[in-house]
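Notes for the one structure printed next.
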Amino acid sequence: MLPPAARYVDTMPELPEVETVRRQLEPLIVGARIVESEAHPSAKFSQATLATGYRVEGIDRRGKYLLIGLGDGMAMAPSMELIVHLGMTGGVHVVDSIPDDPYLRAWWSLKDGRFIMFRDVRRFGRLAVVPTGEYSSLPTLHALGPEPFDPALDGRSFHAALARSRRHVKTSLLSQRPVAGVGNIYADEALWRSRINPAARRVGPDRSERLLAAIREVLSEALANNGTTLRDYRTPAGDSGNNQEFLDCYGRGGQPCRSCGSTLSTRQLDQRTTTWCPTCQVR
DNA sequence: CGGGGTTCCTGGCCGC
DNA sequence: TGCGGCCAGGAACCCC
């Protein structure tokens, strides 16, 4: 049985999309024992096979990274983590058989007969198996900023984090250092909502607080909508996101600002497509 | 060690 | 209709 490719959800995974995957995956695979695995030879995926023999103990998430806890089921062996980054087009699916799929990059068979598969058309995703918490091989995860909903993250500390860099504020956000989990879509959305120009290089305390509040709003709203799905694909369960219907800024260049009616602008900012309102988001 | 530039990929889309 | 060319996009990687 070959699931048609178009039936897989194609997201642009940022925090809400990755958290949606985590929540769906957790009840399916926690407790399962991995008995065999296979991976694409690229270094981006080849470590997947190191998860063989382990039991899935839990699934956490940091920013856009899924952290799948691996143990021996008795806490005897040192615990490991299977780290999954979905990149642009990555997806994790639990299936009863391995499909003949040119974009299958890794799979793990489970003792109960099911399979976890990692599918990634553009190969921007990444898989790693590391000792728990040992993230030096993944520099962005290693230096990852706080979770956006961490109560310890407040306007003051967020401002301090932004002030450590003179890069454009949007580029800082995409670095994952001031806060984890914000990508191109939600960076544009949060900057629009907080009326901050993406090319600003200094963001003061008040605007930092506004930006943090906006990031929390756009992320929690997206999460409530099961994330943003940029194509009308649906899983067999019909559970793809619908947050794309609620985007105010991303992808709306040339269309009227929903706040002031000006035409939204789009240009490259540090090699990233960026949309903003030239009236609301003045420098 | 921060940060700028480059690279990885392929489907989709545009123009002819 | 076919096809070349271009583009998106996160983060590793290289180098200053």
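Chain naming here is simple, since letters A, B, ... match the order of the sequence lines and numbering starts at 1 in each.
Within the structure, ring pair (Phe, Tyr, Trp, His ring centres under 6.0 Å) pairs that include any residue of residues 262-283 of chain A do not occur (at least two apart or interchain). Screening residues 173-183 of chain A for side chain to side chain donor-acceptor pair (under 3.5 Å) gives no qualifying pairs among residues at least two apart or on separate chains.
For the pair Arg119(A) CZ and dC9(B) P, the computed distance is 17 Å after rounding to whole Å. Rounded to whole angstrom, the span from the CZ atom of Arg62(A) across to the P atom of dG10(C) amounts to 18 Å. Atom pair Asp101(A):CG and dT10(B):C1' shows a separation of 14 Å (rounding to whole Å applied).
Counting only N and O atoms by type, the side chains of Glu134(A) and Ser136(A) include a donor and acceptor under 3.5 Å apart. Side-chain N/O atoms of Asn184(A) and Lys170(A) include a donor and acceptor closer than 3.5 Å. Side chains of Glu36(A) and Thr52(A): a donor-acceptor N/O pair is absent below 3.5 angstrom, by distance only.
Around atom CZ of Arg283(A), more than 12 heavy atoms belonging to other residues, nucleotides or ligands sit under 6.0 Å away. Other residues, nucleotides and ligands contribute at most 12 non-hydrogen atoms within 6.0 Å of the CZ atom of Arg202(A).
Arg62(A) CZ to Leu144(A) CG: the interatomic distance, rounded to the nearest 0.5 Å, is 4.0 Å.
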Between protein and nucleic acid, restricted to nucleotides 2-5 of chain B and to nitrogen or oxygen atoms under 3.5 Å apart, what atom pairs and distances do you find?
residue, atom, partner, partner atom, Å
dG3(B), OP1, Ser165(A), OG, 3.4

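For the side chain to side chain donor-acceptor pair (under 3.5 Å) test, residues two or more places apart in sequence or in another chain that qualify with Thr266(A) are Thr275(A).
For Phe45(A) and His40(A), the distance between ring centers is under 6.0 angstrom.
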Report task. Starting at the 5' end of nucleotides 11-16 of chain C, put B wherever the base has a protein heavy atom under 4.0 Å, S where only the sugar-phosphate does, and a dash everywhere else. Result -> BSS---

Query raised in the report: With the sugar-phosphate defined as primed atoms, P, OP1 and OP2, and the base as all remaining atoms, what B/S/- string results for nucleotides 3-8 of chain C, 5' to 3', for protein heavy atoms under 4.0 Å?
Result: -----B

